[in-house]
Each structure stands twice: as structure tokens, then as C-alpha cells.
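Read the structure below first, then the notes.
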Protein chains: 4
Amino acid sequence: MARQARTEAERENRMRAIRKAALDIFSAKGFSAARLDDVAAAAGVAKGTIYLYFASKEDLLEAIVTTTIGATLAEVEQAVVASPAPAGQLLRLVVQAIAAGIQDPERRRVLHLVLSEGARFPAIGDFYHREIIAHGLRLVRAIAAKGHASGEFVSDEIERFPQLVFAPALLAIIWSVIFERIEPLDAHALLEAHLDLLTRALTRRPA
Amino acid sequence: MARQARTEAERENRMRAIRKAALDIFSAKGFSAARLDDVAAAAGVAKGTIYLYFASKEDLLEAIVTTTIGATLAEVEQAVVASPAPAGQLLRLVVQAIAAGIQDPERRRVLHLVLSEGARFPAIGDFYHREIIAHGLRLVRAIAAKGHASGEFVSDEIERFPQLVFAPALLAIIWSVIFERIEPLDAHALLEAHLDLLTRALTRRPA
Amino acid sequence: MARQARTEAERENRMRAIRKAALDIFSAKGFSAARLDDVAAAAGVAKGTIYLYFASKEDLLEAIVTTTIGATLAEVEQAVVASPAPAGQLLRLVVQAIAAGIQDPERRRVLHLVLSEGARFPAIGDFYHREIIAHGLRLVRAIAAKGHASGEFVSDEIERFPQLVFAPALLAIIWSVIFERIEPLDAHALLEAHLDLLTRALTRRPA
Amino acid sequence: MARQARTEAERENRMRAIRKAALDIFSAKGFSAARLDDVAAAAGVAKGTIYLYFASKEDLLEAIVTTTIGATLAEVEQAVVASPAPAGQLLRLVVQAIAAGIQDPERRRVLHLVLSEGARFPAIGDFYHREIIAHGLRLVRAIAAKGHASGEFVSDEIERFPQLVFAPALLAIIWSVIFERIEPLDAHALLEAHLDLLTRALTRRPA
DNA sequence: CATGAATGAGCGTTCATTCAT
DNA sequence: TATGAATGAACGCTCATTCAT
């Protein structure tokens with residue numbers, strides 16, 4: 001029998017362990033095909049124990065997604081809001097934050113889960129849009145508006161479609177899960193190149 | 001002979017109907033959660049009939065993916081190979097072909113299936129990489145090389161990372177499946193903006 | 001694999017076999033404690049087959065009850081309605097019909113199921129009251145009224161409480177299931193005695 | 001000593017509370033379907049505590065039955081044994097004791113438990129027969145014999161089948177659990193009518 | 001003693017696959 | 001070839017029982 005979790009901290013540890021195990025199994029097999037037996041085994045608990053912490057398999061999936069929010073963007077948001085730096089530099093901060101964010105394999109797996117299962121579980125799509133996507137888009141739009149207003153940016157594409165800033169990161173995540181073993185991709189360098197292109201396309205060049 | 005031909009045509013029709021139905025169901029529920037009962041019902045055949053045409057549920061999934069290859073890129077590939085047009089224009093052709101390719105909801109569903117299930121079914125990942133991805137990357141690389149050699153393109157980012165050309169399309173597909181209902185996205189305009197940015201960044205022509 | 005039931009008659013046979021097996025198991029273990037594995041084994045089918053015929057375990061229980069209605073009382077009802085015989089004799093017919101009805105061990109088991117599980121499954125209580133109880137009470141009341149009107153019966157107890165006519169049968173059923181092995185009870189003789197008492201009490205003829 | 005006594009009293013209180021709660025839950029859901037979680041909650045103790053007082057769920061069921069013996073019949077037995085009263089009057093006492101006994105809803109629930117689960121748990125059947133049934137039958141037989149011997153009773157039906165005296169009470173219990181909500185039944189009046197019939201059938205009438 | 005977290009066997013139900021017709 | 005009844009392994013979830021605290 002696993003040590004009983006009587007304090008709140010122990011409880012939280014136990015939940016984390018189960019979520020971690022579930023993420024591994026869900027990522028490997030897909031949510032539907034994953035078996036809670038395997039999750040339990042991976043977490044080192046009995047099957048029934050999972051239900052002491054999560055109401056259902058689906059609830060466990062949602063817990064995985066909702067507890068793995070990157071603080072990354074939030075920090076950047078803070079830093080950017082009142083920064084006097086030029087827009088180009090702020091954009092660089094954002095892309096670098098994204099790059100850092102998808103460095104962690106665990107977070108990458110969570111993101112892939114969102115992409116794979118989000119369509120079937122509206123709660124996940126809603127949550128992710130509300131907590132992550134919306135913030136990211138707002139942030140990019142703010143920077144784009146600033147750059148546009150100051151004359152630093154020559155066009156408004158990323159103001160209209162801030163998603164363009166994040167698209168390569170999305171591709172990197174998917175690539176790492178599906179095609180990495182066939183043709184490796186240096187996600188970091190990819191985002192560097194992306195940033196270079198973005199910067200060159202947006203910022204006014206010296207005469 | 002005629003009888004054989006008629007039978008063969010009927011066979012093909014039947015397979016198509018099953019694949020079509022399966023795509024609908026798989027997309028709606030996810031591969032694992034989808035039930036062949038529903039597929040059979042949607043295809044208007046008995047459950048056992050499916051097994052006369054496909055060896056297993058997984059085989060059916062692979063058949064869906066492998067038979068829905070866009071001829072689009074192949075055509076473009078033909079057109080581009082010996083074209084005397086400037087690289088920027090060729091790139092435009094490619095992005096427009098991509099835009100056209102993801103216009104069709106059916107193909108979008110197939111692509112989402114690849115993204116969702118590709119990780120679990122190497123055959124799908126392999127196939128998709130070999131038949132679609134590799135072609136696309138090679139095509140973009142060829143254009144990039146041409147543009148670079150002629151001095152039309154000032155940098156080599158998309159030669160090193162041709163994936164950057166496709167990333168927004170990928171995002172559009174995923175967005176349409178997960179976030180469309182929350183926040184609509186005009187995929188066509190998105191790709192237009194993407195092309196503008198890309199062209200400007202690569203050619204660095206005066207604003 | 002059990003022979004496929006393609007005709008309606010075969011289907012009905014299969015259903016009957018499953019119901020029969022379920023009755024055996026439910027009676028032996030109680031509805032809740034009974035396992036469908038055992039039912040399937042007893043019926044000679046695979047577990048999944050049960051679900052081709054019954055929507056759920058509970059549905060199977062209801063099917064057992066609703067398909068084992070004694071035609072007995074119905075026949076008596078017919079016979080009694082327009083009979084010119086004295087009420088005492090009609091009452092005798094009813095009690096004898098009851099006696100015959102609980103002779104069959106299978107029907108006795110069904111009745112015990114109703115008594116044991118009826119409290120938890122209102123549908124069963126409703127059905128049984130509507131299809132069996134109500135008929136029986138109405139029948140007895142009609143006889144009692146007739147006897148009373150003609151002066152044959154000197155009192156109205158069984159008109160007010162027709163249940164009194166059936167009570168010993170109920171006891172016999174329960175006794176046979178719980179106490180028979182400890183102290184046997186001759187249900188037939190019990191009902192005979194009951195009828196004697198009843199007749200004497202109602203007609204008050206000299207000893 | 002005092003400490004021991006207090007502890008013992010507390011122990012008994014605790015057991016009573018658990019039995020009471022268990023009776024409620026077992027009655028509502030049936031023994032098998034009842035959950036000890038609910039019993040514990042209803043008793044205001046932790047689930048594990050139940051096992052400090054009862055060896056198992058089944059043991060708890062048996063405890064409920066064996067501790068809820070009506071003192072009623074025992075009292076009557078005492079009163080009847082050496083009474084000079086006529087048999088008819090003694091019979092009246094017995095039936096009234098029965099009526100009083102099933103007035104209490106708690107005892108009615110216990111009786112229904114015995115009827116529902118007695119078939120599956122021989123210990124319960126045995127106990128109930130030994131402690132309740134046998135006494136009741138012996139008592140009625142004694143009265144019947146007395147009445148017969150004295151010439152007060154004209155026949156021996158209830159000597160041969162003393163169960164007939166109790167049958168309506170059994171029916172009343174079952175009715176209250178299953179059919180009451182559909183068609184109410186006045187148990188007290190039912191037993192009154194039963195007694196009237198019995199008395200009229202048995203006792204010699206004045207010339 | 002009391003608690004309630006943990007266990008793990010168990011069960012109702014599902015569904016991909018098979019096969020008799 | 002097509003059907004759909006039958007199969008039986010599998011899985012999510014439950015809950016009586018145990019045991020560390």
C-alpha cells in the first residue's frame with residue numbers, strides 16, 4: 001500500500017504523480033486508447049486510488065491540461081506591458097518565451113494532448129483558449145499596435161493575425177511528436193529563423 | 001470483362017463510401033472512440049461488410065489517409081519545376097495551392113486525423129511524410145535555392161526551414177477544429193498575410 | 001458460437017433461454033449479487049449476447065417479470081364473470097387457481113423476485129400491481145359482492161380486504177424459499193384449510 | 001468499573017447507531033446494492049469504524065435481524081400460557097400483538113429484510129425461524145389445541161396450519177413496501193377483518 | 001479506538017472481430 | 001458477396017475490506 005496522503009501537501013504530491021503518469025500514458029496511447037490500469041501502474045498506485053483524486057478519466061485529462069499552464073507567457077506579459085523597448089525587441093521576447101515554453105517535453109506533450117483531444121472535449125478547448133491563446137494573441141496585438149503606432153512596424157499583418165507569430169511553434173510541437181523520428185527538426189533554430197523573417201518583414205529598415 | 005469492370009467499379013465505390021463514412025465518424029469521435037457500428041450505419045452497409053474491404057479498423061484509418069492525397073501539390077510541383085517565373089511568384093503559387101488544399105473540409109479532417117493519430121500509428125506518419133511532407137519541403141527548398149541563387153531572395157531561412165512556409169496552414173487546420181467555434185479565423189486571409197510577410201522578408205524590397 | 005437466431009422464433013427461444021437462466025441466477029443470488037457472467041454461462045451464450053436481447057441487467061429483470069404472467073387468473077376471470085354458480089364455489093375456483101399458480105417452482109421464483117426486488121424497482125411493482133394484483137382483487141371483490149347480494153355471504157370482510165384471500169398463498173411462496181428446508185409446508189393443504197376457514201366464516205353455515 | 005461500564009454503554013450505543021443506519025440503507029437499496037460508505041455516513045462514523053464492531057457487511061445484516069426481536073410475542077406467550085380465558089380471546093390477543101408488532105416501521109423494515117435476504121443467508125432464515133416463527137407457531141398451536149379440547153373451536157385448521165394466523169400480517173408488510181404508494185392498505189383494519197373471519201370460522205356459535 | 005486513504009478483485013457494459021447463413 | 005448475430009477480451013468504475021496513522 002502506498003503511503004497514505006494525509007496532509008494537503010502529500011495529497012498534492014499524489015495528484016501530481018497521477019497526473020504525470022496519466023500524461024505519459026495518454027500521450028503514448030491517446031486518451032481513448034489509454035488504460036487507467038496503466039496509469040495506475042505508472043503512478044505506483046492502485047487503480048481505485050485514482051478515483052480518490054479524480055472523478056473520472058475525462059476529469060483526469062482536464063486536470064492535466066488545466067494544471068500545466070505555462071507561467072512563461074504571463075511573465076512576458078508583465079514585462080512587456082510597460083516596457084519602453086522597441087516593438088521588435090518585445091516581439092523577440094515573446095518568440096523566445098515561446099521557444100522556452102516548448103523546450104520542456106512535458107509541456108510539449110500537454111500541448112499535443114490539447115491539439116489531439118481538444119476537438120472532442122470542448123472544456124479543454126475553452127480552457128486553453130481562455131487561459132493561453134487569448135493572452136498570447138492579446139500580447140502580440142499590443143506589441144503590433146505599439147510598433148505600428150510608433151512607425152517602427154511597416155505593416156499590420158500580425159495585428160490582424162497574431163496567430164502567425166505562434167504558428168511555427170505549433171508546427172514544431174506536432175513535428176516533434178510525429179515526424180521527429182523520420183526527420184529531426186531543430187525547434188530552436190526554426191523559431192530563430194522565424195523571428196528573423198518576422199523582424200525583417202515588419203521593421204522599417206534604415207534608409 | 002465488362003462484368004469484371006462493373007464489379008471492380010462497384011468495389012471501388014463501396015470502399016469509397018466506407019472510407020467517407022469512417023472519416024466522418026473518426027473525425028467526430030476520434031479514432032479510438034469511434035465505433036465501427038456507426039461507420040457501417042453511415043456507409044449504409046453491414047458491420048461485417050467493412051471487413052470485406054479493410055483488414056481492420058486501423059487499416060481503414062490508414063486507407064483514409066493514403067487515399068486522400070492532395071493532387072494539388074503534385075500539380076504545382078510540375079508547374080514549378082521548369083518555370084522561368086521569379087521565385088517569389090512560385091512561392092505564391094505554393095502558398096495558394098496550400099490555401100486551396102485546406103479549403104476542402106474533408107481534406108482538413110484528414111489532416112487533423114493525421115495530426116491526432118499520426119503519433120500512435122507510425123505507418124501514417126511515415127506515409128504522410130513520404131508522400132506529402134517530403135514533396136512540399138523539397139519543392140519549397142527548390143524555390144528557395146532558385147531565389148537565393150538569382151539574388152531575388154536575400155536570405156536562406158526557408159531553405160533551412162521550409163516548414164515555415166507551411167506552419168500557418170497547419171495552425172489554420174487545428175484552429176478550425178478546436179477554436180473556430182470560440183473565435184473564428186479567416187484561413188484564407190491568414191495565408192494571404194503570411195505570404196505578404198514572407199515575401200517582404202525574403203525580398204526585402206523597399207517599403 | 002451458439003447457433004445464430006435469424007428467425008423471429010429463434011430469437012424468441014434465445015430470449016427465453018436467457019430469461020430462464022437469469023431467473024435461476026437472480027433467484028439464487030438476488031438481483032444485485034447475481035453476475036451476468038453466470039447468467040450467460042447458464043444460458044449457454046457469451047456475455048455480450050445478453051445485450052443483443054436486453055438493454056441492461058435491470059431490463060432483463062423486468063423482462064422476466066413481465067413475461068411470466070400467469071394466464072391462470074385470467075382464465076378464472078373469464079369463467080367466473082357470467083357463472084351462475086354460488087359465490088362460495090367461485091371463491092373455491094379462485095383459491096384453487098391460486099394453488100395451481102404457485103405449484104410451478106418457476107413461477108414461485110418469479111413471485112419471490114417481485115417480492116424481493118419490487119421495492120427497489122418501481123416498474124416491477126407497477127407492472128405487477130396492474131397486471132396481476134388489480135385483477136385478482138377485482139375478481140374477489142366481484143365474487144364477494146355477488147355473495148353478499150344474494151345473501152350467501154353474511155359479511156363483507158373480503159370485499160373490503162380481498163387481499164385476505166391471497167395472503168396464505170403469499171406466505172406459502174415465501175415459506176418455500178426461506179423456511180422450507182427447516183420446516184416443510186404443504187402449500188396445497190394450507191390453501192385447502194384456508195378455503196375451509198374462509199368459506200365457513202363467510203357462509204356461517206352450521207358446523 | 002464505572003469506566004468500563006461507560007465504555008461498554010458507549011460501545012452499545014455505537015453499535016446501535018450503526019445497525020440503525022444500516023437498516024435504513026439496506027432497506028432502501030437492498031443488502032447487496034447498499035454501500036457501507038452510506039451506512040457509515042448515516043451512522044456518523046468512519047467507514048473503518050464499522051469493522052471495529054462488525055466483522056463484515058453480512059455480519060452487520062445478521063446483527064440487525066438478531067437484535068430486533070420483538071419482545072411482543074414473548075410477552076403474549078407468557079400471558080397466554082396459564083390464562084383461563086377462552087381460546088378465542090387468546091387468539092385475539094395474538095393477532096393484536098401481531099398488529100402492534102408491525103405497526104413500527106423499523107420492525108417492518110427488518111421483517112422485509114428477512115423476507116428479501118433470508119433466502120440467500122441461511123443464518124438469517126435459521127435465526128428467524130428459531131427465535132420468532134417457531135414461537136409464534138407453537139403459541140397458536142397451543143391456543144388451537146386448547147380451543148379444540150374445550151369444544152370452543154369447531155375445527156383444527158389453525159392447529160394444522162398456524163401459519164394461517166400470520167399470513168395477513170406478512171401480506172401487510174410486503175404490501176407496505178411494494179404497493180402502498182399505488183394502493184394504500186390499512187394494515188390494522190385488515191388484521192381486524194382477518195380476526196373477525198377467523199373467529200367466526202372457528203368458534204362454535206350459540207345454538 | 002477511530003479514521004479515511006489505499007487496495008484490488010469484481011462487474012456491467014462495449015465493441016472489434018469472426019463466422020454461420 | 002453481404003449480412004448481422006455471436007463472441008469474449010477489455011475497460012471504466014465501484015466498493016468491501018485493510019491498515020498506516
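All values derive from a computational prediction rather than experimental measurement. Chain A is the first sequence line, chain B the second, and so forth, proteins listed ahead of strands; every chain is numbered from 1.
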Only pairs at least two apart or in different chains count here, so list each salt bridge (charged side-chain N to carboxylate O under 4.0 Å, His left out) that has a residue in residues 48-61 of chain D.
none

Ranking E/dA6, E/dT7, F/dT17 by distance to the side chain of A/Ala46, first place goes to E/dT7

Among all residues two or more places apart in sequence or in another chain, which pass the ring pair (Phe, Tyr, Trp, His ring centres under 6.0 Å) test with A/Phe121?
A/Phe31

Report the distance from atom CZ of D/Phe54 to atom P of F/dT18, rounded to the nearest whole Å.
16 Å

When you compare the side chains of D/Thr68 and D/Arg107, does any donor N or O come within less than 3.5 Å of an acceptor on the partner?
no

For the helix from E/dA2-F/dT21 to E/dT21-F/dA2, what is the angle between the axes at its two ends, each from 5 pairs, rounded to 10°?
10°

Between F/dT17, E/dG4, F/dG12, which nucleotide gets closest to the side-chain atoms of A/Lys47?
F/dG12

Can you give me every donor-acceptor pair (side chain of residues 39-54 of chain C, partner residue at least two apart or in another chain, under 3.5 Å) with its distance?
{"unit_1": "C/Lys47", "atom_1": "NZ", "unit_2": "C/Asp37", "atom_2": "OD2", "d": "3.2"}
{"unit_1": "C/Thr49", "atom_1": "OG1", "unit_2": "C/Ala46", "atom_2": "O", "d": "3.4"}

Choosing from E/dA2, F/dT17, F/dA6, which nucleotide comes nearest the side chain of D/Tyr51?
F/dT17

With sequence neighbours left out, write down each residue that passes side-chain contact (heavy atoms from CB on, under 4.5 Å) with D/Ser32, or none if nothing qualifies.
C/Ser32, C/Ala33

Interface residues of residues 12-24 of chain B with DNA chain E (non-hydrogen, below 4.0 angstrom):
none

Write down the distance between CZ (C/Arg6) and P (F/dA6), rounded to a whole number of angstrom.
9 Å

Ranking E/dA20, E/dG12, E/dC11 by distance to the side chain of C/Gln4, first place goes to E/dA20

Salt bridge (charged side-chain N to carboxylate O under 4.0 Å, His left out) between D/Arg130 and D/Asp126: does it pass, once the steps are laid out?
CA-CA 6 Å; D/Arg130 173 166 25 91; D/Asp126 290 351; over 6 Å; no

If you find the nucleotide of DNA chain E closest to D/Tyr53 and the one closest to A/Leu52, which residue's nucleotide is nearer the 5' end?
D/Tyr53

